[in-house]
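The residues of the chain are indexed from 1 along the displayed sequence.
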Amino acid sequence: MATAPRKSTGGRGPARIVSHKLEFNAHDGSPAVMVSHGSPTISLPYLYTFAFYITNPKITRDEFDSVKLYEQCLFSAPYMEPFRFDFYFLPEASIEDCQAHYMAEKEARGSIDVQVEAIQRGEPPKNQGDIPGMVPSYLSLPNHWYEDILVVGDRDWQTEGMLLVQFNLPLPEECGIYEEELQDYSPTRVTRLEVGEDGKMPDTMQRRLFEIMYVEEMGWPWDKAVELGYATW
């Protein structure tokens, strides 16, 4: 766990933010780890997530500093955004391999809508160690794709960034734009993004994720879940 100070709100004094790691296995048994933030006593992960694929065969789950990457994104945001990162380790996987793995993982785990709806109904916690679902769609114009994943390959992400892979275009009637306009977009778009010190800078991984994430109001289910006594989803 790593800690960092957070400025006080509401006159309650400074709160301590702690990064929590949860190791798990993906649907195919491959290693994965979930990183989120909370207080020292609350490790319930946030629901909104982004998926990262680590494909360098020389880097294992134990060796990769997932907390460092997460915190560089978190602490460069103007606010403490309610999100988590899920990291999957697929040695020597191609972009197509990562896409297929992501869709299969999404099918196996289901949508975070299941957890949101349970909180809306006020269901009591089971606290059986279940991991949450995945974002059903990142489609929100001007983001024209349903799926977004990030791929960290052989290059050092701290100096050379990573790939943002966007795929699965919608039908025109699903996004409210003309078919002719959609033809200007490829079924899969791959963009190399730097990981900047300042998340407000253009063409950085943080800026792109914040642009996608700002359209979501995903903090309240976590707040309500904590009130209800959830320790896991």
Side-chain angles (χ1 to χ4, degrees), residues 1-2 19-37 45 48-77 81 83-109 131 134-135 138 143-169 185-213:
M1 295 189 299
S19 294
H20 296 279
K21 287 179 62 175
L22 174 64
E23 294 185 353
F24 66 100
N25 291 329
H27 68 279
D28 58 353
S30 59
V33 63
M34 182 179 298
V35 183
S36 186
H37 68 278
Y48 200 85
T49 184
F50 291 101
F52 289 74
Y53 280 85
I54 315 304
T55 63
N56 188 334
K58 298 180 181 179
I59 299 178
T60 67
R61 177 171 62 183
D62 292 336
E63 295 168 334
F64 186 78
D65 196 345
S66 53
V67 169
K68 183 174 183 178
L69 196 159
Y70 177 79
E71 290 187 347
Q72 186 155 344
C73 185
L74 176 69
F75 298 136
S76 64
E81 298 294 341
F83 65 87
R84 73 176 196 267
F85 284 172
D86 293 349
F87 296 87
Y88 303 96
F89 295 81
L90 297 184
E92 299 183 333
S94 65
I95 287 177
E96 292 76 15
D97 293 335
C98 295
Q99 289 173 289
H101 184 278
Y102 177 81
M103 296 306 295
E105 182 75 5
K106 189 174 178 180
E107 177 69 22
R109 284 168 55 183
I131 59 176
M134 300 170 73
V135 174
Y138 295 101
N143 189 51
H144 289 80
W145 293 265
Y146 277 122
E147 319 296 347
D148 291 348
I149 63 175
L150 295 109
V151 178
V152 181
D154 293 339
R155 301 187 189 182
D156 184 350
W157 65 266
Q158 297 178 84
T159 57
E160 299 191 56
M162 62 191 65
L163 299 178
L164 171 64
V165 181
Q166 300 172 285
F167 60 104
N168 285 355
L169 282 170
Y185 295 88
S186 61
T188 297
R189 183 171 75 172
V190 180
T191 309
R192 179 164 292 278
L193 299 173
E194 296 180 357
V195 181
E197 294 294 335
D198 183 349
K200 294 179 288 186
M201 294 295 292
D203 299 324
T204 61
M205 179 269 288
Q206 297 102 308
R207 175 67 177 269
R208 193 64 62 87
L209 297 192
F210 296 153
E211 288 173 349
I212 297 169
M213 192 163 41

At what distance, to the nearest 0.5 angstrom, does CG of L163 lie from CE of M205? 12.5 Å

Working for side chain to side chain contact (heavy atoms under 4.5 Å, CB included), residues Y138 and Q166: CA-CA 9 Å; Y138 295 101; Q166 300 172 285; over 6 Å; no

With V35 as partner, the option from F83, F52, F87 fulfilling side-chain contact (heavy atoms from CB on, under 4.5 Å) is F87

How far apart are the closest heavy atoms of C98 and A93, and which atoms are they? SG-CB, 4.1 Å

Here the pair of heavy atoms bringing W157 nearest to L69 is CH2-CA, 3.6 Å

Dump the intermediate steps for side chain to side chain contact (heavy atoms under 4.5 Å, CB included) on Y48 and E81, then the final yes or no. CA-CA 10 Å; Y48 200 85; E81 298 294 341; over 6 Å; no

Heavy-atom nearest pair, F89 first then V33, reads CE1-CG1, 4.0 Å

Roughly how far apart are I95 CD1 and T188 OG1, rounded to 0.5 Å? 8.5 Å

In terms of heavy-atom contacts, does CD of E63 have more than 12 from other residues, nucleotides or ligands at under 6.0 Å? yes

Here the pair of heavy atoms bringing T55 nearest to G153 is OG1-CA, 3.3 Å

Would you call I149 and F167 a side-chain contact if the rule is heavy atoms closer than 4.5 Å? yes

Separation between CG of L169 and CD of E147, rounded to the nearest 0.5 Å: 11.0 Å

Going by heavy atoms in the side chains, are L164 and D148 under 4.5 Å from each other? yes

Taking CD in E194 as the centre, count heavy atoms belonging to other residues, nucleotides or ligands within less than 6.0 Å. Is the count above 12? no

Distance-minimising heavy-atom pair for D97 and L90: O-CD1, 4.5 Å

Minimum heavy-atom distance R192-E160, with the two atoms named: NH1-O, 3.0 Å

Pair D62-T60, side-chain donor/acceptor within less than 3.5 Å: no

Rounded to the nearest 0.5 Å, how far does CG of D65 lie from CD of Q158? 8.0 Å

Aromatic rings Y53 and Y88: how do their planes relate, parallel, tilted or perpendicular, breaks at 30° and 60°? parallel

To the nearest 0.5 Å, atom NE2 of H20 lies from atom CZ of R84 at 14.5 Å

Walk me through it: do C73 and F85 pass the test side chain to side chain contact (heavy atoms under 4.5 Å, CB included)? CA-CA 10 Å; C73 185; F85 284 172; 3.8 Å; yes

Start with the C-alpha distance between Q72 and Q206, add both sets of side-chain angles, then the distance that settles side chain to side chain contact (heavy atoms under 4.5 Å, CB included), and finish with yes or no. CA-CA 9 Å; Q72 186 155 344; Q206 297 102 308; 4.1 Å; yes

Got a donor-acceptor contact below 3.5 angstrom from the E105 side chain to the H27 backbone? yes

Distance in Å, F75 CZ paired with H37 NE2, rounded so as to fall on 0.5 Å steps: 8.0 Å

Does I131 reach the side chain of D86, with side-chain heavy atoms less than 4.5 Å apart? no

